[in-house]
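Keep in mind it's a predicted model, so treat the numbers as computed, not measured.
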Amino acid sequence: MATTPNLAMVPSGRKATKLYSVLPTDGTGDFTVARASQASEINSDLKIQNVANDVPRFNYDAIGGCPSLLTEPQSTNLITYPVSFGNSYWTKSGATIEGDASTAGSELLTNGTFTGSASSWTLGAGVAYGTNNLTFTAATSNTSNTTPSLTINKMYLVTYEVTNYTSGTFWANLGGTASGATNSGNGTFTDYITTSVGTNILYFSGSGFSGTLDNISVKEVQGFSSPHVDYPTSAFKLVMNNGQSGSSADAAGLRQLTDVPSAVYSFSVYAKAGEFSNIRFRETISTGAFLTVDLTDGTVTNGDTNQFINVTATLIADGWYRIAFKTPTTTRIYKYSIRTSETGDGTSGVYIFGAQFEQQSVATSFMYNGTEGATVTRIADVQSISAVNSTPWDFTSEDFSMMFDINVKDLSVGPMIYGKGVVNVDGWYIQIESSGRLAVHSSQTGANQTTLTATGAFVINTQTKIVITRSGASVKIYKDGVDITLTIGTHINPDTASIRNLYLGNYFTLGYPLNGEVDTFQIYTTELTPTEVANL
C-alpha cells in the first residue's frame with residue numbers, strides 16, 4: 001500500500017529497557033520497557049528461556065516463524081518447588097519420581113558393604129550386624145548414616161541389596177521421613193531420593209522387617225532433558241508403582257498439599273511422553289473427575305469442564321506439551337493430582353517439568369529463577385513512549401489511523417491495548433471489554449467524554465487485526481478489514497495538548513494490563529481508506 005505509517009513497531013530489535021520500532025528511524029518511536037523482574041519467553045527453537053529485568057519478551061510459535069511481543073500482568077507461582085518433584089514438598093502416593101540414571105556421578109558412600117564395624121552407622125533398636133552386612137530383626141526401627149552429608153535439593157540414586165528376607169517391609173528415606181518406595185522380599189532395589197532442608201541424612205527403615213541389608217550405593221544424578229534452555233537437565237520422570245491404576249479414585253500420583261486464598265486459579269505443567277503416552281489429572285475434592293492429555297498428539301479428554309476449564313495442550317520443542325487449565329473457585333492446590341492414565345509397572349512413566357499454580361484466569365509464562373523454596377513473582381510488562389512536541393502521534397490533527405495485530409489470551413480484567421495521555425488530563429485509551437467488545441474512549445480532565453464501541457472484536461487465543469480510523473467526527477473500527485463499528489459518540493476529540501505519553505498494553509496508571517501477544521502496532525496521521533485497511 002502507498003501509505004507509510006508514522007510509527008511502526010514490529011518485534012525485531014531489543015535490549016534492556018528498550019523495544020525498537022522500525023519507524024521512525026531516528027529512535028523517537030522506540031518504546032521504553034520496564035519490568036522489575038526476570039521473566040521467560042519461548043525462543044526461536046520453541047524452548048523456554050529466561051530474559052533479564054526490563055528486557056522485552058519475544059515469543060515464537062513456529063520454528064522459522066516471526067516473534068510476537070509478549071506482554072503479561074504481574075503474577076506469582078504459588079508452587080515453591082516447581083521443578084524438584086522428588087522433593088518431600090510433593091506428596092507421592094503409589095508413584096515415584098526418577099532422575100536420569102545415566103548421569104550418576106561418583107560413589108558417595110564408602111562403607112556400603114559394612115566391612116569392619118560399620119562404625120559410622122547409627123543403629124536403631126534391635127539391629128545387629130556382622131562383619132560384612134547389617135542384619136535387621138523384626139524389632140528393628142531404623143539405621144542411619146551421616147556420611148555422606150547429602151546436599152540440599154539434589155537428587156540421589158540409592159541402590160541396595162536385601163538377602164535372608166523372612167518378613168516385613170523396608171524403604172530408604174531421608175531424615176526418617178519415607179522417601180523411597182516401600183519394598184519387600186530379596187533382591188536389589190533402586191530409589192531416587194531428593195533432599196530438602198533438614199533431611200540430608202540417609203536412613204533405612206523397616207516395619208516388621210527381618211533380613212540382611214548390604215551393598216548400599218549412593219550417587220548424585222541429574223534430571224532428564226527439559227524444555228528450558230537455562231535448566232537443560234531439570235525434567236523428571238513420573239512413574240506409577242507396579243499395579244497402580246491411573247483410573248483409581250484415590251489420591252494416587254503426585255500432589256502438593258497447600259491451602260491458598262479462595263479464588264480462581266490457573267494450573268499448568270509441561271509433560272512429554274515416555275514409555276507411557278498419556279498424562280492424567282484428577283480433581284480430588286468435588287467430583288473425582290479426570291482430565292487426560294495424549295502426549296503423542298495433544299488430544300484432550302475432559303471428564304468435567306466445570307472442574308478443568310479452558311484446557312489447552314500446547315506443543316513446544318522436542319515433544320513437550322504445556323498443559324494448562326483454569327480452576328473453579330478453590331482454596332487449595334491439592335484439589336488436583338498428577339498421574340498417568342496407564343496402569344503402572346514400576347518403571348514406565350512420563351516426563352514432567354515446570355508446575356505452576358497462579359491466581360489468574362489464564363496461565364501465564366513459566367516463572368522460575370533457578371532457586372526453590374519460595375514463591376516467584378513476575379512483575380507486569382510496561383511498554384511506553386514519552387512523547388515530545390510535534391511527534392506525529394500527538395493526534396492534534398483531525399485525521400489519524402491505528403492498527404493492532406494482536407492475540408489476546410485473557411479478557412477478564414478488561415485489558416487495555418493502548419493508552420495515551422496522563423492522569424486527569426486529556427487523553428485516549430482503547431480497551432477490550434470482558435465481553436470481547438472493543439471500546440475507544442476520549443477523556444478530558446480525567447472524565448470520560450466519548451466512547452465508541454464495536455461488536456464481535458476479540459475472541460481469546462485468536463489472531464486479530466484491528467484498525468481504528470478518524471476523520472473529523474467520523475470514527476470507524478475495522479476487524480480483519482471489515483467495518484464493525486457499533487455506536488458512534490458525539491465526537492472523539494483530538495488532544496488539545498502537545499505532550500502525551502503513549503502506553504502499549506496498559507492504561508496511563510498502568511492498570512488493566514494486557515495478557516497477550518502483539519505482532520504489529522502502527523500509527524498513521526491520515527485516515528486510511530477501506531481499501532487500505534483491507535490491504536493491511
Can you tell me if [X] and [Y] form a side-chain donor-acceptor pair at under 3.5 Å?
{"X": "Arg280", "Y": "Ser247", "result": "yes"}
{"X": "Ser75", "Y": "Glu358", "result": "yes"}
{"X": "Thr103", "Y": "Asp100", "result": "no"}
{"X": "Ser217", "Y": "Glu107", "result": "yes"}

Give a yes or no on whether [X] atom [atom1] has more than 12 heavy-atom contacts from other residues, nucleotides or ligands under 6.0 Å away.
{"X": "Lys465", "atom1": "NZ", "value": "no"}
{"X": "Tyr165", "atom1": "OH", "value": "yes"}
{"X": "Asp519", "atom1": "CG", "value": "yes"}

[X] versus [Y], closest heavy-atom pair with distance:
{"X": "Pro513", "Y": "Val413", "answer": "O-CG2, 3.7 Å"}
{"X": "Leu69", "Y": "Pro56", "answer": "CD1-CB, 4.2 Å"}
{"X": "Ser361", "Y": "Ser412", "answer": "OG-OG, 3.5 Å"}
{"X": "Ala252", "Y": "Met240", "answer": "CB-CE, 4.2 Å"}
{"X": "Tyr231", "Y": "Ser226", "answer": "O-OG, 2.6 Å"}
{"X": "Lys219", "Y": "Gly105", "answer": "CD-O, 3.3 Å"}

Reported [atom1]-to-[atom2] distance for the pair [X] and [Y], which is rounded to 0.5 angstrom:
{"X": "Glu283", "Y": "Leu291", "atom1": "CD", "atom2": "CG", "value": "11.5 Å"}
{"X": "Ser93", "Y": "Arg339", "atom1": "OG", "atom2": "CZ", "value": "8.5 Å"}
{"X": "Ile333", "Y": "Thr258", "atom1": "CD1", "atom2": "OG1", "value": "4.5 Å"}
{"X": "Thr327", "Y": "Phe267", "atom1": "OG1", "atom2": "CZ", "value": "11.0 Å"}
{"X": "Ile432", "Y": "Arg437", "atom1": "CD1", "atom2": "CZ", "value": "13.0 Å"}
{"X": "Asp381", "Y": "Leu70", "atom1": "CG", "atom2": "CG", "value": "6.5 Å"}

Classify the ring geometry of [X] against [Y]: parallel below 30°, tilted from 30° to 60°, perpendicular beyond 60°.
{"X": "His228", "Y": "Phe366", "result": "perpendicular"}
{"X": "Tyr418", "Y": "Phe521", "result": "tilted"}
{"X": "Tyr89", "Y": "Tyr81", "result": "tilted"}

Is there a donor-acceptor pair closer than 3.5 Å between any side-chain N or O of [X] and the backbone N or O of [Y]?
{"X": "Asn50", "Y": "Tyr368", "answer": "yes"}
{"X": "Gln383", "Y": "Leu504", "answer": "yes"}
{"X": "Lys92", "Y": "Gly86", "answer": "yes"}
{"X": "Asn407", "Y": "Thr462", "answer": "yes"}
{"X": "Asp345", "Y": "Ser348", "answer": "yes"}

Please tell me if the side chains of [X] and [Y] come closer than 4.5 Å, counting only heavy atoms from C-beta onward.
{"X": "Asn278", "Y": "Thr301", "answer": "no"}
{"X": "Lys409", "Y": "Thr364", "answer": "no"}
{"X": "Ser277", "Y": "Leu295", "answer": "no"}
{"X": "Thr194", "Y": "Ile97", "answer": "no"}
{"X": "Tyr160", "Y": "Asp191", "answer": "yes"}

Proximity of Tyr336 and Phe308 rings by center, below 6.0 Å:
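Ring centres of Phe308 and Tyr336 closer than 6.0 Å.
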Tyr192 and Phe236: aromatic ring centres closer than 6.0 Å?
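For Tyr192 and Phe236, the ring centres are not under 6.0 Å apart.
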Using the test side chain to side chain contact (heavy atoms under 4.5 Å, CB included), find all partners of Thr32 that sit at least two apart in sequence or belong to another chain.
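Testing Thr32 for side chain to side chain contact (heavy atoms under 4.5 Å, CB included), a comparison that skips the adjacent residues, returns Lys18, Ser384.
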Kindly determine whether Tyr270 and Trp320 satisfy ring-ring contact (aromatic ring centres under 6.0 Å, His included), including the steps that lead there.
CA-CA 6 Å; Tyr270 295 87; Trp320 283 95; 7.3 Å; no
Results of side-chain hydrogen bond (donor to acceptor under 3.5 Å, both in side chains) for Gln38 - residues two or more places apart only
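Not a single residue meets the side-chain hydrogen bond (donor to acceptor under 3.5 Å, both in side chains) criterion with Gln38.
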Checking Ser37 against Met367 for the side-chain contact (heavy atoms from CB on, under 4.5 Å) test, could you report, in this order, the C-alpha distance in whole Å, the side-chain angles of both residues, the deciding distance, and whether it holds?
CA-CA 10 Å; Ser37 71; Met367 291 170 276; over 6 Å; no
Ser84 vs Glu372, side chain to side chain donor-acceptor pair (under 3.5 Å): CA-CA, chis, key distance, verdict:
CA-CA 8 Å; Ser84 297; Glu372 296 182 285; 2.5 Å; yes
Could you check Arg35 against Glu72 for salt bridge (charged side-chain N to carboxylate O under 4.0 Å, His left out), going step by step and ending with a plain yes or no?
CA-CA 10 Å; Arg35 186 193 61 253; Glu72 294 179 310; over 6 Å; no
